[in-house]
There are 2 protein chains.
Amino acid sequence: MSETDTLGIHDVESCLVQSLSYYMALDDNDLRLIEALEKEQTHFARGDVIQPCRTARSSLYAVTSGWLYASLTDADGRRQITRVFHPGDVVGLSDLSLGLSSCDLVAAGDVVVCPFPRQGLAPILETAPRLSALLFALSARDQAIHMDLIRAIGCLSAVERVGFMLLTWLMRLRMTGDPVETTIRCPMTQTEMGDLIGLTNVSVSKALSTLESEGYLKRDANTLTLLEVDELIAVTRFEDRYGELDTTWFPES
Amino acid sequence: MSETDTLGIHDVESCLVQSLSYYMALDDNDLRLIEALEKEQTHFARGDVIQPCRTARSSLYAVTSGWLYASLTDADGRRQITRVFHPGDVVGLSDLSLGLSSCDLVAAGDVVVCPFPRQGLAPILETAPRLSALLFALSARDQAIHMDLIRAIGCLSAVERVGFMLLTWLMRLRMTGDPVETTIRCPMTQTEMGDLIGLTNVSVSKALSTLESEGYLKRDANTLTLLEVDELIAVTRFEDRYGELDTTWFPES
DNA sequence: CGGTCTGTTGACACTAGTCAAGTGTCGTGG
DNA sequence: CCACGACACTTGACTAGTGTCAACAGACCG
């Protein structure tokens with residue numbers, strides 16, 4: 001199931017450093033603080049519950065590789081996925097205010113994460129105002145992403161919702177990868193996709209077929225290639241939240 | 001439309017102080033920093049747009065009185081309300097990361113807010129680690145609230161969604177008011193309610209009638225009284241996010 | 001080889017949307 | 001004081017988009 005190792009990470013460029021420095025220059029103190037968060041790595045396999053719902057004082061995680069998601073399952077079996085995380089993301093900011101975690105964290109594929117306790121944030125807040133501001137901004141961006149999802153589920157048709165989901169993933173993957181990429185290697189099943197955007201697996205299947213027949217999409221195994229990105233953006237009224245981060249209000253370094 | 005005054009706020013207990021000190025003891029430095037955020041008050045009337053979508057370097061607001069909401073209107077007229085704010089809430093944290101604001105901010109009734117610029121956060125981050133942590137935790141709680149809304153729109157029936165919405169408001173109002181209150185004086189129209197939970201005004205009307213006929217609810221003008229709170233919580237699988245805030249990870253004072 | 005999981009497709013049901021008519025309230029202006 | 005329009009809400013008839021159910025195909029694995 002899972003395995004913990006204590007390998008140093010100094011030989012590889014830290015995924016969290018890469019992700020955070022995308023937005024802001026990090027000084028030596030920032031780097032040391034971030035490194036402290038990533039000193040432990042844990043592996044999970046597809047379907048593993050990384051952290052169950054209602055965990056007390058839940059951990060935070062920096063994602064090193066793979067996809068994972070936060071989900072909530074009702075007593076009657078209905079499941080809602082509220083957020084999908086990719087390498088470089090910080091997981092768990094949304095539960096910081098809660099004594100018990102609000103979601104299951106589930107590995108969507110094979111995953112490597114670096115868990116760290118909430119107390120790991122205290123030294124950052126005390127000694128690194130700019131890094132604190134960056135984490136604050138990332139928490140804010142998570143909110144913007146949630147609001148976009150609310151709009152998608154509340155306002156868009158089934159086909160539009162699926163297109164929206166694919167665009168969200170593409171723009172996120174472009175942030176830490178090739179900025180003109182059009183292909184997504186997606187480890188999630190159609191049932192999981194449906195649980196994310198409020199549809200059944202059947203509707204997802206039909207929507208993907210429709211997108212394909214209308215020329216927006218090419219499929220091959222679990223690889224999805226978007227063919228008409230700009231048009232899809234227009235149809236779904238998609239807004240990219242990953243491209244830029246406003247840092248003008250941050251404290252001076 | 002709107003009116004700005006420069007009255008001191010020292011004579012009345014600040015709504016923001018009241019709301020923040022509900023969770024954490026504030027020291028003199030904290031109080032001075034918060035006071036600086038509330039030095040200006042602005043009034044708006046029902047329907048006024050407090051701040052339009054795509055505003056550059058959007059302001060933050062502390063809500064003094066009244067309800068307001070964040071909404072997004074599509075070109076084809078569909079509108080999604082993503083969040084409703086009440087007195088004591090901090091508005092705008094979700095747009096901190098964005099150069100242009102993602103939502104319209106609209107007054108749901110007559111409203112008094114204290115606007116302050118994003119730069120107002122910098123001195124807090126630099127000199128008040130515990131207050132920074134509290135704001136961070138509030139941003140996290142906003143996320144938890146968004147995730148609950150996503151679940152409601154994605155998983156619940158029309159009647160359940162309306163019940164969920166009423167419970168959310170009730171628990172929020174209990175936080176800064178009477179903790180056993182069961183009555184909500186709601187300034188929002190049924191169309192606005194529908195835009196919040198992904199329904200039409202017609203469905204909201206029918207759902208409210210159903211809740212009333214099943215004994216969950218009593219209505220009188222725009223006053224709503226919940227009669228079977230515990231049962232409604234069970235039916236909608238509602239989780240209260242307002243009761244407690246985990247402060248155990250905060251830096252030492 | 002059989003079992004499990006994922007995805008596809010078709011028939012049908014049902015929830016919520018759409019449309020429309022009508023009521024009640026409020027504010028304005030004659 | 002009443003007439004009028006604007007707006008919020010209610011109710012019923014009908015429609016349409018997804019959900020539900022079921023059968024089946026293909027991939028993978030023990």
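Keep in mind that what you see is a predicted model, and the values were worked out from it rather than measured. Order of the sequence lines fixes the chain letters, A, B, ..., with proteins taken first and strands second; residue numbering starts at 1 for each chain. Only heavy atoms go into these numbers, but all of them, side chains included; no hydrogens, no water, no symmetry mates.
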- Item | A/Ser102-A/Asp95 side chain donor-acceptor pair, cut-off 3.5 Å | yes

- Query: Going by atom types alone, do A/Thr183 and A/Thr225 pair a side-chain donor with an acceptor below 3.5 Å?
  - Reply: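 The answer is yes; a qualifying pair exists.
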
Among [options], find the nucleotide with the atom closest to the side chain of [X].
X        : options                : result
B/Ser157 : D/dC9, C/dT6, C/dA16   : C/dA16
B/Val202 : D/dT18, C/dA20, C/dT9  : C/dA20
A/Ser209 : D/dG19, D/dT11, C/dT9  : C/dT9
B/Ser205 : D/dT18, C/dA16, D/dT10 : D/dT10
A/Lys206 : C/dG17, C/dT8, C/dG10  : C/dG10

Could you tell me how far apart [X] ([atom1]) and [N] ([atom2]) are, to the nearest whole angstrom?
X        : N      : atom1 : atom2 : result
B/Ile197 : C/dT15 : CD1   : C1'   : 15 Å
A/Gln190 : C/dT8  : CD    : C1'   : 8 Å
A/Met193 : D/dG19 : CE    : P     : 15 Å
A/Leu156 : D/dG17 : CG    : P     : 15 Å
A/Asn201 : C/dT4  : CG    : P     : 19 Å
B/Asp220 : C/dT25 : CG    : P     : 12 Å
B/Met188 : D/dC9  : CE    : C1'   : 16 Å

Taking only side-chain N and O atoms of [X], does any of them lie within less than 4.0 angstrom of OP1 or OP2 on [N]?
X        : N      : value
B/Thr189 : D/dA8  : no
B/Arg78  : C/dG17 : no
A/Arg219 : C/dT8  : yes
B/Thr200 : C/dA16 : no

Applying a 4.0 Å non-hydrogen cut-off, can you work out what [X] is touching in the nucleic acid: base, sugar-phosphate, or nothing?
X        : answer
A/Arg161 : nothing
B/Leu208 : nothing
A/Gly198 : sugar-phosphate

- Task: Say whether, by atom type as modelled, one donor and one acceptor occur between the side chain of B/Gln41 and the main chain of B/Val112 under 3.5 angstrom.
- Result: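 Here the side-chain-to-backbone pair does not exist.
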
- Message: Please check this pair: side chain of A/Thr200 against backbone of A/Ser203, looking for a donor-acceptor N/O pair closer than 3.5 Å.
- Response: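 Checking the backbone N and O of A/Ser203 against the side chain of A/Thr200, a donor-acceptor pair under 3.5 Å is found.
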
- Message: How close do B/Tyr242 and B/Ile145 get, counting heavy atoms only, and between which atoms?
- Response: OH-CD1, 3.3 Å

